[in-house]
Amino acid sequence: MAGLDREQVKRRYNRIAPWFDTFEALLEGLSFRRWRQLLWRQVTGEHILEVGVGTGKNFPFYPARTQITALDFSPGMLAQAQRKLKRLNLSATLTLMDVERLQLGNDCFDSVVASFVFCSVPAPRRGLKEIHRVLKPGGQALLLEHVISNKPWLAWLMQRLDPVISGVFGAHINRDTVKQVKASGFQHVHVIHLNHWVKLIRATK
């Protein structure tokens with residue numbers, strides 16, 4: 001079973017947007033929220049870009065006194081984020097945009113942040129190169145991602161389940177995002193292993 005294409009993935013996220021937070025509430029409570037907080041503690045600079053903002057699960061961790069642009073390619077997810085932003089009385093610019101085709105200038109941002117995004121990006125290398133392009137020299141990309149496991153038996157299982165998972169949900173569970181980041185022009189790549197399949201990746205331009 002082949003994975004979903006870009007428009008299919010977008011339609012899926014539009015469809016599930018109103019219930020997305022409910023679907024992932026257990027995972028957020030068990031570990032995701034703690035990992036998001038760890039991710040945002042490493043954000044530096046005044047001009048920040050969040051790609052794949054989704055429903056705005058990272059909003060509580062946005063640093064004060066920064067200019068944040070947050071984007072998503074799903075209108076449904078972005079609508080949920082807009083409501084949450086207003087409810088939390090936060091200041092950020094929400095934009096409908098695809099990470100593979102950033103309509104942003106070169107060397108604009110001090111940090112670019114993404115959490116559990118590149119499993120669903122149809123062409124991840126293209127998106128990572130776009131992130132590299134919009135980062136200022138010396139800026140950093142901070143990615144919280146689930147990737148192919150470093151445990152051989154689990155990696156074997158993930159490889160075999162991926163065609164079904166990606167075909168149904170549009171998210172791949174067998175990607176080597178660290179390898180993709182290293183091949184996208186970044187100078188230094190540091191990885192924190194949060195468990196056997198979730199990594200916090202910090203890459204410097």
Side-chain angles (χ1 to χ4, degrees), residues 6 10 32-75 77-78 81-82 84-85 88-147 175-194 198-205:
R6 181 175 286 97
K10 186 185 298 185
F32 283 12
R33 184 177 177 86
R34 182 175 73 254
W35 291 339
R36 292 178 194 278
Q37 189 173 30
L38 177 64
L39 173 74
W40 283 90
R41 282 176 181 166
Q42 300 188 49
V43 172
T44 58
E46 296 181 359
H47 295 88
I48 313 301
L49 174 67
E50 182 184 3
V51 300
V53 64
T55 61
K57 292 184 179 182
N58 288 318
F59 287 167
F61 311 116
Y62 277 9
R65 296 179 294 280
T66 55
Q67 297 179 27
I68 298 180
T69 301
L71 59 89
D72 204 283
F73 82 150
S74 163
M77 299 291 274
L78 206 63
Q82 187 68 63
K84 189 176 295 182
L85 191 75
L88 295 174
N89 195 29
L90 295 174
S91 176
T93 301
L94 299 185
T95 304
L96 183 66
M97 197 180 300
D98 190 335
V99 68
E100 293 181 25
R101 302 177 181 87
L102 294 178
Q103 299 165 31
L104 300 165
N106 298 339
D107 308 329
C108 292
F109 296 96
D110 299 299
S111 294
V112 178
V113 185
S115 55
F116 305 113
V117 170
F118 279 90
C119 56
S120 300
V121 175
R125 184 81 62 85
R126 185 182 305 163
L128 289 164
K129 286 183 176 179
E130 279 290 86
I131 285 177
H132 183 274
R133 179 181 64 80
V134 303
L135 273 170
K136 296 177 182 178
Q140 61 176 353
L142 292 160
L143 312 177
L144 179 63
E145 296 290 337
H146 63 75
V147 299
R175 286 186 169 169
D176 189 344
T177 305
V178 175
K179 182 178 179 180
Q180 296 276 6
V181 171
K182 290 179 178 178
S184 298
F186 292 93
Q187 298 298 313
H188 304 286
V189 179
H190 176 72
V191 181
I192 298 175
H193 300 261
L194 299 173
V198 178
K199 315 287 188 240
L200 199 167
I201 306 163
R202 186 174 72 245
T204 304
K205 180 175 178 176

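Looking only at side-chain heavy atoms (C-beta outward), Leu200 and Trp35 stay at 4.5 Å or farther from each other. Leu104 is listed as a side-chain neighbour of Met97, based on a closest heavy-atom distance under 4.5 Å. No side-chain heavy atom of Val99 sits under 4.5 Å from any side-chain heavy atom of Phe73. Considering only heavy atoms from C-beta on, Phe32 stays 4.5 Å or farther from Lys57 through its side chain. Using a 4.5 Å heavy-atom cutoff, the side chains of Ile131 and Leu49 are not in contact. Looking only at side-chain heavy atoms (C-beta outward), Leu38 and Leu144 stay at 4.5 Å or farther from each other. When side chains are defined from C-beta on, Val53 does not count as touching Met77, because their heavy atoms never get closer than 4.5 Å. In this structure the side chain of Pro122 reaches within 4.5 angstrom of the side chain of Glu100, judged on heavy atoms.
Ion pairing of Lys205 with Asp107 is present here, as a side-chain N (NZ or NE/NH1/NH2) and a carboxylate O approach within less than 4.0 Å.
Rounding to the nearest 0.5 Å places CZ of Phe116 at 6.0 Å from CZ of Arg36. Separation of atoms CG (Asn58) and OG (Ser115) is listed at 4.0 Å; rounding is to 0.5 Å. A distance of 8.5 Å separates OG1 in Thr204 from CG in Leu142, rounded to the nearest 0.5 Å.
Heavy atoms from other residues, nucleotides or ligands lying under 6.0 Å from CZ of Arg133 number more than 12.
When atom types are taken as modelled, the side chain of Ser111 and the backbone of Thr44 share a donor-acceptor pair closer than 3.5 angstrom. Judged purely by atom type and a 3.5 angstrom limit, Arg175 uses its side chain to pair as donor or acceptor with the backbone of Phe118. Proximity of a side-chain donor or acceptor of Gln42 to a complementary backbone N or O of Arg202 within less than 3.5 Å is not detected. Of the possible polar contacts, none joining the Glu145 side chain to the Thr177 backbone as a donor-acceptor pair under 3.5 Å is found. Counting only distance, with no hydrogens or angles, the side chain of Lys182 and the backbone of Val189 share no donor-acceptor pair below 3.5 Å. Checking side-chain atoms of Asp110 against main-chain N and O of Glu46 turns up a donor-acceptor pair under 3.5 Å.
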